[in-house]
Engineer: 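I am attaching a structure below and will ask some questions about it afterwards.
Only a predicted model underlies this, so the values are computations on that prediction, with no experimental measurement involved. In the text below, chain A, chain B and the rest are named by the order of the sequence lines, each starting its count at 1.
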Number of protein chains: 2
Amino acid sequence: MPTSRRSAKTPPRTPAAAAGRRTPTDAPNGTPADPAARPRSRSATDGSGRPALPKIADVAARAGVSTATVSRALAAPDSVSPDKRERVLAAVRELGYTPNAAARNLRAGRTSMVLVVVPKLANPFFNGVVRGADEALTAEGFGMIIGDLDNTADKEHRLVDIALAGHIDGALILSGRVPRHGARTMKQAGIPMVGVCVASDDPQIPAVLIDDAAAARTQVEHLVGLGHRRLLYVSGPRGNGNEIARWRGFTEAAAAAGLGAEAIQRAEGDYTFAAGTRAADLFLALPAERRPTGVVAVSDEMALAFIRRVAEAGVRVPGDVSVVGFDGIEVGDYCAPRLTTIRQPSRDMGREAARLLVAAIRGEPSPPGARVLGAELKVAESTGAPPRR
Amino acid sequence: MPTSRRSAKTPPRTPAAAAGRRTPTDAPNGTPADPAARPRSRSATDGSGRPALPKIADVAARAGVSTATVSRALAAPDSVSPDKRERVLAAVRELGYTPNAAARNLRAGRTSMVLVVVPKLANPFFNGVVRGADEALTAEGFGMIIGDLDNTADKEHRLVDIALAGHIDGALILSGRVPRHGARTMKQAGIPMVGVCVASDDPQIPAVLIDDAAAARTQVEHLVGLGHRRLLYVSGPRGNGNEIARWRGFTEAAAAAGLGAEAIQRAEGDYTFAAGTRAADLFLALPAERRPTGVVAVSDEMALAFIRRVAEAGVRVPGDVSVVGFDGIEVGDYCAPRLTTIRQPSRDMGREAARLLVAAIRGEPSPPGARVLGAELKVAESTGAPPRR
DNA sequence: CCTGAATTTGTAATCGATTACAAAGCGCAC
DNA sequence: GTGCGCTTTGTAATCGATTACAAATTCAGG
């Protein structure tokens, strides 16, 4: 019934547009089908007298200047006389004006948004990176769109579309397996990218990394130093960039310690809890005398699940078997035993990568080559001397 | 004055467009300093002859139709003859065309983006919600901007700005403490919102919840059922909506079980590991005979940290004290003892909330009132009978 | 063969900002 | 007083899509 006054003044919008911004509950007519068709949600006075979202022209009118002056007063205050600048800012404040993002993006060709591609957001390690990135991006005036691949390939398309549609100014790629096709396409489109924890095959793409091989060597050296001579390596997915480097580091250090092929076992994993459990089952299936006494896992989640599973079977950690994790997630300190692990500076990595990306977006040439941050061994309770027998 | 005759008959292209798709910036530059001055990152031939990002006019030209037809062929295929539709789609494919988001948003007033406000992304529970939301949003053709409040108040401003700038069509609020000011402002701007795990004080904002009070009662009943008569409640932050309901449920159930005030203790917490540790210290400071034998924590992280801390002090779980958590995060199954907890259907909640939001964005009237999903007690190993003595 | 409705297509207006360009204002030196 | 250069301001073009409107086409019925 209240629909009568809507045509009073408004230009020939569609009915739905004129109805615009009412509470969804007061659907006027009985027809259940008045679907979608809400062309523009903004700028309708909606009968209540409440002003619509102000636009730059409104501000200009109120301040008694041109739209150009308003725009300048906001973007480059120094180029406007103090007098008008004040008037503009006052008008902005009074009206609660925020420049429309779409219009700005369209004209200026920038969005001040960054896409962060995460293989698995649920992983606390990536979480740390994201937080670091968020911190830096926020400080630089950028927003963040998160794309959680969640190990699903088809999400990639969507993310690339987001990029190609000009939603974003740049992308942060946290994936160990860089979306090949996607990265290619995005690069062709000239979208700046920075990798985190991932040495891209493309040297053009800067990256923030730790030295995976060195970290894996450290894991081995720690165990060997405690006296362990038979090791189990719980891997990441085959082909994964980090995995490759870590496996290399592992084998190098094992060889350097004089461990032969017979002293080394490998369980295939993929960083998840489930993989850790599987590795433990593999371990438990071995006859006791052939069991490794030291376990190198390339993620904390696998290490925790491994520990949990063997403990259930009566194997003590670190009494019977020592386990080193990788990442340094917070919860590792709240399980028993506390997890010995490689602590990656996830937050720093995210922050640093975001800064590099912003620099690239601004066109500042960045010094080539990857930034390598330090990772350290954090010794806790899940490792100790091997059983004597 | 020069504008007068351009609408005569010939295609009124701009000079640049007529010149065969050159970049606006390809002035005769001999200067080596070209890096800065990159007004628009898109559409540069970069000397290699590689074509710039195609626009709708390019597609139209290639398909031999008008831009309107291209737009329609993509948005409403049935309104275009099969013949032209095919030609258009082929051209789109060949050129790798993706409609520019800014232009579309500006004109159509929609962005197909949703803001998800998370109090703390690092919390695996919120992670589950986000994943569920992502799932549903992706399916509906929406993208997701995540705003991690990270318990910092000033982030809120930025998020509201993002909303007001028209970056998004709607918002999902996962905060227990809805940003008051922000929510108000966004509501005034007519931005659809849906709450998750949060009963908004505003009945207009639909929400997806569990019954917090009932869940807390279940926690108590479980412990009481095992024979516990002295309980410790490890709380959320004061004033938090969930906290209020859970505390109510806790006290109700305790009263119903005939536990007097002297049988109940309360430790102030905030859902974090650190709070769990603090609660444990408080517990340990009590003389043994006054110690509660059952602990109700309102987050798994607090429960895990509590267990860890008291275990260090030689208190056995569940031998000496039983602990029930809240949330059902994955890692609870990989710590020793496995955590007994309230499993919230986080993923379902996210999915459901996203669907509600999309419906609201599309203007479909949603049945009023909150959706209450079921939470269940998951009995594991951290609870058992109280010590006999 | 003609008329009117239904369908398909094209032309051009439009969204709301930024910014190129030109005009106006101002100060200073000749 | 005039002319030059610098700063401030306004006018209008522009970004790239969607879509209102009108024109063109098709088709059915009389």
Side-chain angles (χ1 to χ4, degrees), chain A residues 11-14 16-17 37 39-44 52-60 63-85 87-88 97-112 165-166, chain B residues 1-3 6-7 9 11-17 23-25 27 39-43 52-61 63-85 87-88 97-112 165-166:
Chain A
R13 296 278 167 87
T14 71
R40 312 212 61 261
S41 58
R42 314 159 58 94
S43 76
L53 282 197
K55 48 187 73 166
I56 197 170
D58 300 326
V59 176
V65 300
S66 73
T67 61
T69 300
V70 175
S71 179
R72 282 188 284 250
L74 292 167
D78 290 337
S79 69
V80 169
S81 70
D83 166 38
K84 308 215 161 174
R85 190 194 317 147
R87 294 225 303 280
V88 168
Y97 169 73
T98 307
N100 177 278
R104 171 189 300 216
N105 297 347
L106 176 57
R107 174 62 226 232
R110 290 171 290 100
T111 65
S112 294
Chain B
M1 176 236 280
T3 59
R6 98 142 128 55
S7 63
K9 178 88 168 208
R13 297 281 168 85
T14 71
T23 157
T25 56
R40 314 203 62 258
S41 60
R42 314 157 56 94
S43 75
L53 281 196
K55 47 187 71 165
I56 197 171
D58 301 324
V59 176
V65 300
S66 72
T67 61
T69 300
V70 173
S71 180
R72 283 188 283 249
L74 293 167
D78 289 337
S79 70
V80 169
S81 70
D83 166 38
K84 308 217 162 175
R85 191 195 315 147
R87 294 225 304 280
V88 168
Y97 168 74
T98 308
N100 177 278
R104 168 184 300 202
N105 297 348
L106 176 57
R107 173 63 225 230
R110 290 173 289 101
T111 65
S112 294

Engineer: Picking from D:dG16, C:dT9, D:dT11, which would you name as closest to the side chain of B:K84?
Structural biologist: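 Among D:dG16, C:dT9, D:dT11, the one nearest the side chain of B:K84 is C:dT9.
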Engineer: Can you tell me how far C1' of C:dT18 sits from CG of A:N105, to the nearest Å?
Structural biologist: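 These atoms are roughly 11 Å apart.
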Engineer: Side chain of B:T69 only, please: which of D:dT9, C:dT11, C:dG10 is the nearest?
Structural biologist: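 From the listed options, C:dG10 comes nearest.
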Engineer: Could you tell me if the side chain of A:L74 sits less than 4.5 Å from the side chain of A:Y97, heavy atoms only?
Structural biologist: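 Result yes, sub-4.5 Å side-chain heavy-atom pair found.
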Engineer: Which of these nucleotides, D:dT18, D:dG16, D:dG10, is closest to any side-chain atom of B:R104?
Structural biologist: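 Of all the options, the side chain of B:R104 is nearest to D:dT18.
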Engineer: Taking A:P54's backbone N and O only, do any of them form a donor-acceptor pair with A:D58's side chain (distance below 3.5 Å, no angle check)?
Structural biologist: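 Side chain of A:D58 to backbone of A:P54: no pair is present.
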Engineer: Could you say whether A:Y97 or B:V80 is positioned toward the 5' end of DNA chain C, judged by the nucleotide with the nearest heavy atom to each?
Structural biologist: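 This one resolves to B:V80.
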Engineer: Rounded to the Å, how far apart are A:R85 CZ and D:dT9 C1'?
Structural biologist: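 Taking atom C1' of D:dT9 as the reference, CZ of A:R85 is at 14 Å.
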Engineer: Could you give the NZ-to-P distance, from A:K55 to C:dT14, as a whole number of Å?
Structural biologist: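 So the NZ-P distance, A:K55 to C:dT14, works out to 12 Å.
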Engineer: Starting from C1' on C:dA13, measure out to CG on B:L106 and report it in whole angstrom.
Structural biologist: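 It works out to 13 Å between those atoms.
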Engineer: Between B:P99 and A:P82, which has a closest nucleotide on DNA chain D that is more 5'?
Structural biologist: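 Per heavy-atom nearest nucleotide, the more 5' residue is A:P82.
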Engineer: At under 4.0 Å, does any side-chain N or O of A:R107 touch on OP1 or OP2 of D:dT14?
Structural biologist: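 A:R107 to D:dT14 OP1/OP2: no side-chain N or O under 4.0 Å.
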Engineer: From the set D:dA17, D:dT11, C:dT18, return the single nucleotide nearest to any side-chain atom of A:S66.
Structural biologist: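 The closest nucleotide is D:dT11.
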Engineer: Over how many whole Å does the gap from A:L53 atom CG to C:dC15 atom P extend?
Structural biologist: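 Roughly 15 Å, once rounded to whole Å.
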Engineer: Does the side chain of B:S71 come within less than 4.5 Å of B:I56's, by heavy atoms?
Structural biologist: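 In short, these two side chains touch, coming nearer than 4.5 Å.
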Engineer: For the backbone of A:V80 and the side chain of A:R85, can you confirm whether one donor and one acceptor N or O come within less than 3.5 Å of each other?
Structural biologist: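 Indeed, once roles are kept as given, a pair shorter than 3.5 Å links the two residues.
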Engineer: Could you give the CZ-to-C1' distance, from A:R110 to C:dT19, as a whole number of Å?
Structural biologist: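 It is 12 Å, rounded to the nearest whole Å.
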Engineer: Take atom CZ of A:R72 and atom P of C:dA20, then tell me their distance rounded to the nearest Å.
Structural biologist: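 Going from CZ in A:R72 over to P in C:dA20 covers 10 Å.
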Engineer: Of the nucleotides D:dA17, C:dT18, C:dG10, which has the atom closest to the B:N100 side chain?
Structural biologist: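 Closest nucleotide to the B:N100 side chain: D:dA17.
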Engineer: Taking only the side-chain heavy atoms of B:T67 (C-beta and beyond), determine which of C:dT18, D:dA17, D:dT18 contains the nearest atom.
Structural biologist: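 For the B:T67 side chain, the nearest candidate turns out to be D:dT18.
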Engineer: How many whole angstroms separate atom CD1 of A:I56 from atom P of C:dT14?
Structural biologist: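 Spelled out: CD1 on A:I56 to P on C:dT14 is 19 Å.
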Engineer: D:dT9 phosphate, OP1 or OP2: any side-chain N/O from A:S81 under 4.0 angstrom?
Structural biologist: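 Yes.
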Engineer: Check B:R87 against B:V65 and note the closest heavy-atom contact, atom names and distance.
Structural biologist: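 The answer is NH2-CG1, 4.1 Å.
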